[in-house]
Number of protein chains: 2
Amino acid sequence: MIGRLNHVAIAVPDLAAAAAQYRDTLGAEVHAPQEEPDHGVTVVFIDLPNTKIELLHPLGEGSPIAGFLAKNPSGGIHHICYEVEDIHAARDQLVAKGARVLGDGTPKIGAHGKPVLFLHPRDFCGTLVELEQA
Amino acid sequence: MIGRLNHVAIAVPDLAAAAAQYRDTLGAEVHAPQEEPDHGVTVVFIDLPNTKIELLHPLGEGSPIAGFLAKNPSGGIHHICYEVEDIHAARDQLVAKGARVLGDGTPKIGAHGKPVLFLHPRDFCGTLVELEQA
């Protein structure tokens, strides 16, 4: 079912410092910050030859990553995102297997403008998994 | 400097359960466990179209992931691995930029039989970064 690893998302306490570290120290291709007010984050995309890294920083009140950064003040990997062909078929298959989909199970439009779902970390090795319809 | 994302490594408390979850629930291509006694882990490789996931479980005494699992009993993402062309040149560039290389700075032969280094998580957004000479 799952296809490509779409991205690894890293929550960071200082977006400018993290972007500089990836650009200047690791020599990666780092884009300008993009505010995603609907998702409560500012994102810096980093292009690797085969996938992307996304640096996430809270934006506005009630950001979904504020709690994570409170627990992990130096930052850390927040989630990984796998691509699926059909998000509804993927959800039905996961639920049939007993996996827990976060929220009400309805795909939302994610930061890339495509339908996404999040799966419960306890069902996937302590890892928050995002599925994105490719 | 960094190239492809070689793999995402996830430490898991129950290797068989995690492998089954990726194979049966997520429908991924999951390989048989491989013992890596020199690295203190048993590894399950999962092939995605563009990269790999590696499930890690402690093997023997003093496994390098035992402490991580003690702190994260459900498991979690342990490190991410970026490819570099020349591990010694990468190390020298990183040290010149003030990044900390773990250990004595000498590349070791990693689980894929290639030279690797690990970078200090505090310098990279709370994320343990492995560099592997591709």
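We name chains A, B, ... by the order of the sequence lines, and we start the count at 1 in each one. Only this structure's heavy atoms are used, side chains among them; waters, hydrogens and symmetry mates stay out.
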**Item:** Region of A:Leu128 in contact with chain B, defined by heavy-atom distances below 4.5 Å
**Value:** neither
**Message:** I'd like to know which of A:Val8, A:Val12, A:Asn72, A:Ile53 tops the heavy-atom pair count under 4.5 Å against chain B.
**Reply:** A:Ile53
**Fill in**
Given the options A:Glu130, A:Lys52, A:Glu132, A:His7 meets side chain to side chain donor-acceptor pair (under 3.5 Å) only with A:Glu130
**Message:** Taking every non-hydrogen pair under 4.5 Å, which of A:Ala28, A:Gly27, A:Gly98 racks up the most with chain B?
**Reply:** A:Gly27
**Asked** What part of A:Arg4 lies closer than 4.5 angstrom to a heavy atom of chain B: side chain, backbone, both or neither?
**Response** both
**Item:** Contact class of B:Ile77 relative to chain A, heavy atoms under 4.5 angstrom
**Value:** both
**Request:** Sort A:Ile2 into side chain, backbone, both or neither according to what part of it lies under 4.5 angstrom from a heavy atom of chain B.
**Result:** both
**Request:** Write down the atom of B:Ser63, the atom of B:Pro58, and the distance for their closest heavy-atom approach.
**Result:** OG-CA, 3.5 Å
**Complete:** Of A:Leu48, A:Leu26, A:Ile10, A:Thr127, the largest count of non-hydrogen pairs under 4.5 angstrom with chain B goes to A:Leu26
**Request:** Run the numbers on B:His79 and B:Leu56 for side-chain contact (heavy atoms from CB on, under 4.5 Å), then give the verdict.
**Result:** CA-CA 10 Å; B:His79 67 267; B:Leu56 306 179; 4.0 Å; yes
**Prompt:** Who among A:Thr25, A:Asn50, A:Leu94 has the most heavy-atom pairs with chain B under 4.5 Å?
**Reply:** A:Asn50
**Message:** Quick check on B:Arg100: does its CZ atom have over 12 non-hydrogen neighbours (other residues, nucleotides or ligands) under 6.0 Å away?
**Reply:** yes
**Item:** B:Val30: which of B:Asp24, B:Leu55, B:Val44 passes side-chain contact (heavy atoms from CB on, under 4.5 Å)
**Value:** B:Val44
**Item:** A:Glu83 side-chain N/O to A:Gly3 backbone N/O, donor-acceptor pair under 3.5 Å
**Value:** no
**Contacting moiety of B:Asp123, where chain A heavy atoms sit under 4.5 Å** = both
